[in-house]
Each structure stands twice: as structure tokens, then as C-alpha cells.
Amino acid sequence: EKEYDFILAEKKGKVALLTLNRPKALNALCNGIIQDLIDATTAIAADDTVGAIVLTGSTKAFAAGADIKEMKDKSFVQAFSSNMFAEWGHIARVTKPIVAAVNGYALGGGCELMMMADIVIAGENAKFGQPEITLGVIPGCGGTQRLVRAIGKSKAMELVLTGGMIDALQAERDGLVSKVVPAEKTVDVALEMATKIASYSLPVAAAAKETVNAAFELNLAEGLRFERRIFHSLFALQDQKEGMAAFVEKRKPTFTNT
Ligand code: CAA
């Protein structure tokens, strides 16, 4: 297991647990933390023994946003020519399923990073928001786009324009998170869910993730066609034969990721 400066990376069975670990800054997402996440998820992509990822922070903060101190003095030219935050897109392109386990603040870039995950489990103490407007900017890592798709225009506009926060129960009602659990259980519930996902065929889970995500990019006819073509392609897998044979033979399938 590799050591990183700003995150902890552990293996829990077939699940990689990534913990944002910059507690003094409430996990503010500096360049180093994002680079660690990119390096860790790149290593996970190459590791056949990992089937899913849990991404978490601390009890007080999943992440309180992009690092304000790191960006505050940047000029327009520096922001533009470095294409600031474009590299975060790497996290959205990870093919293995990611379950975010969120306690405390998920604000600004923290909320945006969370929305790059596939499923969100929230602790009762979680708080979500896009406070960028209070800093004289707007969300820059997907907040104006993914939030609208997650919770609709009026609720997204309210968060982006007022800079206010919603709590975990509100986030569950709005569909931003899939479950709310007691804060001390958040990581365990996420690990349990990720372990279940990792027990299935890896290429099938990757296909499922890619196909659901296509719903955000394609119109319905194209999306349905994409789904059907991916569905057809899975009949090339041994795991499809095994899964269906096991059902008929009334036994548990043994998937081999082939
Ligand atoms: N960047 C840099 N440092 C941060 C930070 C951030 N986003 N959030 C918190 N910190 C630092 C604080 O500066 C403080 O450091 P010092 O001890 O050196 O002063 C430390 O973390 C603890 O924070 P607080 O003392 O503020 O803790 P609190 O409990 O009083 O308040 C909070 C918690 C309400 C989350 C508050 O820290 C806060 O409002 N943070 C900023 C939230 C924010 O505006 N996020 C959006 C950032 S911009 C962005 O994300 C752009 C984008 O779209 C990618």
C-alpha cells in the first residue's frame, strides 16, 4: 500500500478506502490532495483485486472546498492558461464504482468532488452547499452542471445563488444523496455497499456505471441504443454465462472478471 501526503489509501477486502487527510484545513482540496487522488485512483484502475472505491473525509468535513488560500492571488491568465480545476475531471472518469461517505461539510469543491462519485452515503451531520458566490466566484468543478442534474433547477439555483447550506435529510429528500445514516456508521455502510458491488463482475459493474452516466450525456433514443448495445456486448463475457447458469442451477455464481 502506497503512502500519500494528503490522503490515506487502504484495502478493505476488494474495496479501496480513500480518506482525505488534511484535517487542519478541513480537507480543503489543494493541488496536492487532488494529485494524490489522481495517483491513487490510477493505481486502483490497474489493480484487478479492487472492485470498488469508498471515498471519505473526516467527521467534521468531507471537504470544505477548493483551497481558497492557494487560489486567492491567481490572475485570470494563470487560472486560464493552467486550465485550473480541469484535472479534477480525472475523478469523474474513474471506471470503478465510487461510493462517497460524507460526514460534516461538503462545500464548494467538496460538494463537487462528491458529485463525481456514483453513490453518496451521508452522515446525519453532513452539510452541503456551493458557497462560491460568497467569495466572489461561482462553482468551478461542476457545481452548476451536476447539481442541476442531481436536484433540479430551482434547488440548485437556490444553493448556487444564496451560498446557503442544506442538511443531510434535505439532501436525501432532494436526491443529492442516497441514504442518511448515523455519522459514526457512514464509512461502514459505504464499505458494506462497495463490498457488495465489488462481489459482482468487475467489467459488468464498469459497464453499468458507464451506461448510467451516459444518461447525463445522451438523448433518450441514443441512450437506450447505447444501453442495448452494451447489454448485447456482455454476452461475450464468461461472467454472463456463469451468472445465468448459476441462477438456473440454483447456486451462487462465481465471477472471474472474464
Ligand atoms: N480553503 C482553504 N482553507 C480552508 C478552507 C478552504 N476552502 N476551508 C476551511 N479552511 C481552513 C480555515 O482557513 C482554517 O484554517 P486556519 O486554522 O489556518 O485559520 C481551518 O480550515 C479551519 O476552518 P474554520 O476555522 O473556518 O472552521 P469553522 O468550523 O469555523 O468553519 C466552515 C467551517 C464553515 C466550513 C468554514 O471553514 C468555511 O466556510 N470554509 C470555506 C467554505 C467555502 O467557501 N468553500 C468553497 C471554496 S471555493 C471552491 O470550492 C471553488 C470551486 O468551485 C472548486
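When a ligand or atom number is given, it counts from 1 through the structure's own listing order. Reckoned from all heavy atoms, side chains included, excluding hydrogens, waters and symmetry mates. Index from 1, following the sequence.
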Judged on heavy-atom distance to atom 7 (N) of ligand 1, which of P23, A25, A66, C30 sits nearest? A66
For [atom], closest protein heavy-atom neighbour:
atom                    : value
atom 19 (O) of ligand 1 : K69 NZ, 4.1 Å
atom 39 (O) of ligand 1 : L107 CD1, 4.7 Å
atom 41 (C) of ligand 1 : A64 O, 3.8 Å
atom 37 (O) of ligand 1 : L26 CD1, 3.6 Å

Distance flag for [atom], protein heavy atom under 4.0 Å:
atom                    : value
atom 17 (O) of ligand 1 : no
atom 35 (C) of ligand 1 : yes
atom 25 (O) of ligand 1 : no

Taking the side chain as everything from C-beta on, heavy atoms only, tell me whether [X] gets closer than 4.5 Å to [Y].
X    : Y    : value
L20  : L37  : yes
Q78  : M84  : no
F85  : M71  : yes
K96  : L202 : yes
L237 : V204 : yes
N257 : P203 : yes
L29  : D67  : no

Got more than 12 heavy atoms from elsewhere within 6.0 Å of CD, Q170? yes
More than 12 heavy atoms of other residues, nucleotides or ligands under 6.0 Å from NZ of K209: yes or no? yes
Donor on one side chain, acceptor on other, [X] and [Y], under 3.5 Å:
X    : Y   : value
D39  : Q35 : yes
D47  : T49 : yes
N103 : T59 : no

Should you measure from each heavy atom of [X], which atoms of ligand 1 turn up under 4.0 Å away?
X    : result
E112 : 52 (C), 53 (O), 54 (C)
G140 : 52 (C), 53 (O)
F85  : 54 (C)
C141 : 53 (O), 54 (C)
K60  : 27 (O), 28 (P), 29 (O)
P139 : 53 (O)

With respect to [X], determine whether any N or O atom, backbone or side chain, lies less than 3.5 Å from an N or O atom of ligand 1.
X    : answer
I68  : yes
G109 : yes
Y105 : no

Region of [X] engaging ligand 1 - heavy atom pairs below 4.0 Å:
X    : answer
M71  : side chain
A28  : side chain
T134 : neither
P131 : side chain

Mark the output for G143 as yes if a heavy-atom distance to ligand 1 is under 4.0 Å, and as no if none is. no
Does K24 come within less than 4.0 Å of ligand 1, judged by its heavy atoms? yes
Kindly indicate whether a cation-pi arrangement holds for K2 with Y4, taking the cut-offs as under 6.0 Å to the six-membered ring centre and within 45° of the axis.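 Checked: cation-pi criterion met.
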Please work out whether the ring planes of F76 and F80 are parallel, tilted or perpendicular, with thresholds of 30° and 60°. parallel
